[in-house]
Amino acid sequence: MYHVVTQIVEDAGRKKPVEEEEAPRATAVEEDDEDSSSTRKERVLHTRVPAVLERELKRLAENLRVPVSNLVRAVLEDAVNMADVATENVEQRLKNFADNLAQERGKLKRRVQADPLADVFAFQPVKLAATQACAKCEKELKKGETANLGLTEKPRPANERVFVCDACLPAD
Ligand SMILES: [Zn+2]
């Protein structure tokens, strides 16, 4: 007796295995997709996020002193700007974001805050004990190199410290 493993469906003369139709779908629901590529109208999206991601987003938003919604919007705008967005759904993008939080943090910070050096009152030349990234140009500043630590009124947690390379050190 035969068991048909792969069903074929006719779709306008094109044959396609049924499995393709059952690819994972984004959980986000967007109302009325018409014209979405040609208009800049803002829409409300609802999506499910894992609890751990929600905590991370809230904590990061608190660190950056911005509303969670601003942060999520920045992440999604980032995703839309990425060339491979077509292969990723919203949920996957948010999961990746959680996985890469450490790297995303600096990038997002610059997006949601106008000037990463705004509350710096002095720069102190330091010899780095760990690799950092320039807060301005994102150049990698390696362990053992000299860089400039931005001093702020309120001490920042380790992952929020601001370092700049010599080239990005404000002149005045
Ligand atoms: Zn720099």
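Note that ligands are numbered from 1 as they come in the structure, with each ligand's atoms numbered from 1 the same way. A quick note: this is a predicted structure, and the numbers were derived from the prediction, not measured. This chain uses plain numbering: 1 for the first residue, then up along the sequence.
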Honestly curious: do Val72 and Leu60 fall in one hydrophobic cluster under the side-chain, below-4.5 Å linking rule? yes

Lys58 bridged to Glu62 by N-O distance under 4.0 Å: no

Report all side-chain donor-acceptor pairs from residues 117-127 shorter than 3.5 Å, counting only partners two or more places apart or in another chain.
from	atom 1	to	atom 2	distance (Å)
Asp119	OD1	Arg156	NH2	2.5
Asp119	OD2	Arg156	NH2	2.9

Are Val164 and Leu151 connected into the same hydrophobic cluster when the rule is that any two of I, L, V, M, F, W, Y join if their side-chain heavy atoms are below 4.5 Å apart? no

Does any non-hydrogen side-chain atom of Leu57 lie less than 4.5 Å from one of Leu71? yes

Using a strict cut-off of 2.8 Å, how many protein N/O/S atoms surround the Zn ion (ligand 1)? 4

Ion pair Glu145/Lys143, N-O distance below 4.0 Å: no

